[in-house]
Amino acid sequence: MNPIPIAIPLLPLAAFAILVVFGSRLGRAAAYVAIGAIGASAALSVYVLSWTFGGVALDQSLQWFEIGSVAADFGIRIDALSGLMLLVVTAVSLLVHVYSIGYMGGEARYSVYFAYLSLFSAAMLMLVAVDNFLLLYICWELVGLCSFLLIGYYVDRPAAGDAAKKAFITTRIGDLGLLVAILAIYASVGSFRYSEVFAAAQGKLGAPAAMATVVGLLLFAGAIGKSAQIPLHVWLPDAMEGPTTASALIHAATMVAAGVYLVARAFPIISRSPAALETIAVVGLASSFFAATVALTQTDAKRILAYSTISQLGLMFVGVGTGAWVAGIFHLTTHAFFKALLFLAIGSIIHGTGEQHVERIRGAGRSMRITAATFAFGALALAAIPPFSGFFSKEEILSNLYSTGRYWMFAAALLISFLTALYIWRLGFGAIFAPEPEGDGAKAPHESPITMTVPLVILAAAALGVGFLGSPFSGVFQKFFDEPPPHVIPVPLTLSFVTAVAGVAVAWWGYGAGRRRLDDVLKRAPALYDLVQDRYRIDEIYVNFLVAPLVACARWTYERFDKNTIDGAVNGVGVAADALGGVLRRVQTGRVRDYTAWMLAGAVGMAAIVAVVVLR
């Protein structure tokens with residue numbers, strides 16, 4: 001096997017092993033072990049990506065195990081999709097690692113944090129590089145474990161532990177669907193390998209079409225959990241209890257994008273089922289609109305970005321579900337950079353102010369000029385303002401909806417685009433660039449150290465420039481997938497631009513110069529506003545209609561069956577032994593005459609038995 005692709009995930013895995021064994025001795029040097037490993041992986045990813053022009057560059061495997069008729073391989077598949085994902089993951093991860101030197105500098109469990117980051121990077125890189133569904137599932141679960149560890153990194157905070165458990169349990173629901181899908185694929189095809197499964201998709205999985213529909217929807221169930229789409233979206237906002245750097249890497253740029261990657265990877269299967277494609281598009285659109293409206297009412301800066309992530313992932317699923325999976329992956333790529341930038345910019349503000357509530361970070365950008373400028377780049381990219389990257393990637397999805405006659409979806413996507421520009425610049429104009437509060441005695445925030453600002457500047461450059469790779473002027477991105485460059489369609493292009501600018505303009509009218517006009521307008525319908533601000537009370541619905549009945553059932557089972565029957569039987573053995581012991585205890589008197597009498601009685605009894613036997 002070619003060792004270069006395998007080395008990409010093995011390097012951070014080796015860093016994890018080193019930090020687990022020697023991390024406490026390395027101290028602050030632990031960061032450089034992790035950075036060196038992911039930096040080397042990033043360099044190798046650039047080299048590997050250069051192989052992928054013109055089709056599959058590498059598809060190799062070795063037999064892993066064989067049990068009866070079931071055989072599994074350990075294999076690597078490097079094509080345009082996996083090569084691109086390797087570069088995105090390593091590039092964002094490297095910048096987050098460097099940023100973490102400053103952001104996590106005061107943490108006591110410093111080496112533990114970098115060990116977790118290294119393990120996550122290794123798992124995510126292996127997930128996108130493997131060549132079969134069995135290995136994908138193993139890495140899928142390992143990524144979920146890393147998410148659990150990083151969300152619950154602050155072990156002294158009960159909220160962080162609760163959020164970690166919520167994320168782990170919620171995503172397991174979707175993972176069950178993925179597992180069933182993989183088993184169904186093996187039962188139908190007799191193989192886990194992508195190449196064999198996708199070839200068979202034209203036969204066994206394609207006829208009957210119901211099989212492709214079932215498998216496609218089950219695969220999408222796994223994607224719903226990992227990518228936090230309705231109805232399994234509830235874990236992602238609470239995941240903000242973890243370090244902001246973890247939010248930037250795992251819960252914005254890479255792990256949550258694994259669901260989109262899975263659907264794009266399995267597109268040869270899913271494309272056989274129009275019903276599965278339509279379901280993916282509709283769920284993605286509903287999730288995108290839902291999250292955009294909630295983001296407009298939140299007051300925690302990180303939660304605004306969390307709901308923004310759900311919304312943007314929904315748009316990616318709209319692209320994949322409507323057949324434009326390359327457009328969906330293009331938006332995944334640009335989003336990874338500008339959303340990581342936004343999270344890290346907010347992290348810089350938290351580092352400089354100690355706050356993340358929108359009212360308590362007001363005016364922070366006036367003292368933190370580099371952070372504010374880079375945040376503006378990320379916000380313009382998210383709002384899809386040209387020439388920033390989000391404009392080009394979102395435009396492809398909108399153009400596909402328009403050109404394929406899905407006008408209602410196109411209109412809904414335009415509304416989402418308007419809301420996106422509105423809520424991100426509500427955060428910008430209403431907090432970061434707002435006038436500083438007067439007379440509160442608060443200490444002016446300070447700019448972050450260079451280890452934090454340099455990654456911000458690099459990500460800001462990516463938020464501006466990456467989109468040009470997939471623009472009609474270049475088309476380099478599409479060439480990776482043997483797709484023609486996108487062509488300009490005037491109507492969606494114009495409407496997309498107008499709605500995005502309108503969103504920024506309304507945000508300025510509503511929140512510029514410290515105003516709160518729009519909040520006052522929205523609160524004129526207090527019942528609706530409170531409903532949206534409370535996240536449509538979906539968490540409460542789950543608690544009241546799912547969690548509470550399950551807890552009540554568990555308690556009833558414990559009281560009526562476990563406690564009385566199971567525990568009763570075990571306790572009954574103890575009670576019987578105690579009673580027997582109480583009887584036997586009376587025999588132990590300690591008096592010699594009593595023991596002599598018992599011996600005499602025993603001898604008489606034995607003699608009687610012998611006599612009876614002899615007389616017979």
Side-chain angles (χ1 to χ4, degrees), residues 84 88 257 260 264 280-281 284-285 287-289 291-292 308-309 311-339 341-342 377-425 462-481 483-505 507:
L84 175 68
V88 170
V260 181
I280 292 170
L285 194 65
S287 300
S288 186
F289 175 76
S308 172
T309 297
S311 182
Q312 295 304 301
L313 290 167
L315 284 180
M316 298 174 206
F317 281 117
V318 170
V320 177
T322 55
W325 70 271
V326 174
I329 293 299
F330 183 31
H331 196 51
L332 181 155
T333 303
T334 61
H335 176 267
F337 291 102
F338 67 69
K339 184 54 65 66
L341 169 61
L342 288 169
F377 272 55
L380 290 169
L382 175 60
I385 301 296
F388 291 87
S389 59
F391 170 76
F392 295 108
S393 56
K394 189 181 293 184
E395 170 60 25
E396 278 203 48
I397 296 173
L398 292 173
S399 294
N400 176 68
L401 294 175
Y402 182 84
S403 62
T404 55
R406 295 178 172 89
Y407 298 120
W408 76 270
M409 285 189 173
F410 174 71
L414 285 178
L415 176 58
I416 293 167
S417 181
F418 170 80
L419 293 173
T420 301
L422 178 56
Y423 68 66
I424 193 59
W425 281 103
L464 175 62
V466 169
F468 285 100
L469 297 176
S471 70
F473 313 108
S474 170
V476 171
F477 187 91
Q478 289 77 12
K479 290 178 183 177
F480 278 109
F481 301 95
E483 293 275 331
H487 60 282
V488 176
I489 305 177
V491 172
L493 179 70
T494 303
L495 292 176
S496 174
F497 174 74
V498 169
T499 53
V501 171
V504 177

List, one per line, each side-chain donor-acceptor pair under 3.5 Å for residues 377-391, sequence neighbours excluded.
unit_1, atom_1, unit_2, atom_2, d
Ser389, OG, Ala463, O, 2.8

Do Leu84 and Phe477 have side-chain heavy atoms sitting under 4.5 Å apart?
-> yes
Over 12 non-hydrogen atoms of neighbours within 6.0 angstrom of CZ in Phe289 = no
Let me check something: any side-chain donor-acceptor pairs from residues 317-325 under 3.5 Å, sequence neighbours excluded? List them with distances.
unit_1, atom_1, unit_2, atom_2, d
Thr322, OG1, Val318, O, 2.7
Thr322, OG1, Gly319, O, 3.1
Thr322, OG1, Asn400, ND2, 2.9

Which pair of non-hydrogen atoms, one from Leu315 and one from Ser288, has the smallest distance, and what is that distance?
-> CG-OG, 3.6 Å
Nearest 0.5 Å, what's the OG1-NZ distance between Thr334 and Lys394?
-> 9.5 Å
Reported CH2-to-OG1 distance for the pair Trp425 and Thr420, which is rounded to 0.5 angstrom = 14.0 Å
For the residue pair Pro472 and Pro485, establish whether any side-chain heavy-atom pair is separated by less than 4.5 Å.
-> no
Correct closest heavy-atom pair for Ala292 and Tyr423 would be O-CD2, 3.6 Å
Approximate separation, where rounding is to 0.5 Å, of Ser417 OG and Leu422 CG = 11.0 Å
Taking the side chain as every heavy atom from C-beta outward, state whether His331 and Glu396 have any pair of such atoms under 4.5 Å apart.
-> no
Side-chain heavy atoms of Phe330 within contact of Phe480, under 4.5 Å | no
For the atom pair CG (Leu398) and CE (Met409), what is the distance rounded to the nearest 0.5 Å?
-> 12.5 Å
Look up atom NZ in Lys339 and atom CD1 in Ile424, then write down how far apart they are to the nearest 0.5 Å.
-> 7.5 Å
Indicate yes or no: at least one non-hydrogen side-chain atom of Val488 is less than 4.5 angstrom from one of Glu395.
-> no
Please output the side-chain donor-acceptor pairs of residues 494-501 that fall under 3.5 Å, not counting sequence neighbours, one pair per line with the distance.
unit_1, atom_1, unit_2, atom_2, d
Thr494, OG1, Pro490, O, 2.8
Thr499, OG1, Leu495, O, 2.9
Thr499, OG1, Ser496, O, 3.0

dist Leu469:CG -> Ser471:OG (nearest 0.5 Å) comes out at 8.0 Å
side-chain contact (heavy atoms from CB on, under 4.5 Å) between Ser393 and Thr333, intermediate numbers included | CA-CA 9 Å; Ser393 56; Thr333 303; over 6 Å; no
